[in-house]
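Working notes, structure below.
One is the number of the first residue; the rest follow in order along the sequence.
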Amino acid sequence: MSSSSPAILPISNPQSTAVPAAASGGSLQSQGPVTTPAFRAFINHLSEYLRHGLSQRRSWAELADRTAFSKPESFSEATLRIRKNYSYFRVNYLAVIALILGFSLVSHPFSLILLAGLLSSWLFLYLFRPSDQPLVLFGRTFKDSETLILLVVLSVFVVFLTSVGSVLVSALMVGVALVCAHGAFRVPEDLFLDEQENVSTGFLSFFSSAASTAAAAAAPVAVRT
């Protein structure tokens, strides 16, 4: 009888295949909020919105034309002027309010740090946090509902129990008062307002469209449980 060597069966090493899988899984798990599709969509939409808004900005020389200022004869005329001037100088007015807010926050660095921390907490801990990554703080895992409650309580504390709320409110009041004063004394007769009639001018429309874009980008991601 002729002896033959036994066939060698292929042996798969489960550890060798598990290591790349674990490594790839770890890389996916370690994906931060900044690299999520929702956050990228939000940033892209924000940049497009800012570029589009700045393209509609009116000339600052036209805004400060001294020959176009006169005292309104009545309160109704002042209100009509404010509405027409806002429709025409909308981007300029919002830029003025934003500059006043920025200057007020820079003048109060503690409030600026608190507000930046609050906004970052909302963005990275809740809005754009990957759904497959639970929030873990001090060794405790928080559910989405608990994270939301925690952020709401933190927001109430920062806005109402620190100087952030007073700084924001005072800056907004100064900005709105300045815009209303300019709109009431600026004669809008020389402004071409026909192009503004068919344009949606909601100031908060950006947030709704940005939220829909971010939701569409995050649709393939698993829903939080």
Minimum heavy-atom separation for S163 to S166, with atom names? O-OG, 2.9 Å

Smallest separation among heavy atoms of L168 and L115, with atom names: CD2-CD2, 4.1 Å

Rounded to the nearest 0.5 Å, what's the gap from [atom1] on [X] to [atom2] on [Y]? Could you check?
| X | Y | atom1 | atom2 | result |
| --- | --- | --- | --- | --- |
| L150 | L125 | CG | CG | 8.5 Å |
| E62 | Y88 | CD | OH | 3.5 Å |
| E146 | T141 | CD | OG1 | 9.5 Å |
| L154 | L114 | CG | CG | 9.0 Å |
| L94 | L99 | CG | CG | 11.0 Å |

Side-chain H-bond candidate by donor/acceptor type, S70 with R81, under 3.5 Å: yes

Would you say the side chain of R58 lies within less than 4.5 Å of the side chain of L63, judging by non-hydrogen atoms? no

Are [X] and [Y] connected, step by step, through hydrophobic side chains (Ile, Leu, Val, Met, Phe, Trp, Tyr) whose heavy atoms are closer than 4.5 Å?
| X | Y | answer |
| --- | --- | --- |
| Y93 | L80 | no |
| I149 | V159 | no |
| W122 | F160 | yes |
| I100 | W60 | yes |
| L119 | F110 | yes |

With side chain to side chain contact (heavy atoms under 4.5 Å, CB included) as the criterion, how do R186 and F89 come out once you've worked through the C-alpha distance, each side chain's angles and the decisive distance to 0.1 Å? CA-CA 11 Å; R186 176 67 162 82; F89 294 111; 4.0 Å; yes

If only atom types and distance count, is the side chain of E77 paired as donor or acceptor with the main-chain N or O of E73 below 3.5 Å? yes

Under the 3.5 angstrom rule, does the side chain of S87 hit a backbone N or O of R83 as a donor-acceptor pair? no

Chi angles and distances behind the side chain to side chain contact (heavy atoms under 4.5 Å, CB included) call for T162, S111: CA-CA 8 Å; T162 64; S111 299; over 6 Å; no

Report the C-alpha separation of L101 and L172 in whole Å, then their side-chain angles, then the decisive distance to 0.1 Å, and conclude whether the side chain to side chain contact (heavy atoms under 4.5 Å, CB included) test is met. CA-CA 7 Å; L101 277 172; L172 285 175; 3.8 Å; yes

What's in the same ILVMFWY side-chain cluster as F69, cut-off under 4.5 Å, chained through other members? F185

With sequence neighbours left out, the residues meeting side-chain hydrogen bond (donor to acceptor under 3.5 Å, both in side chains) with H108 are none

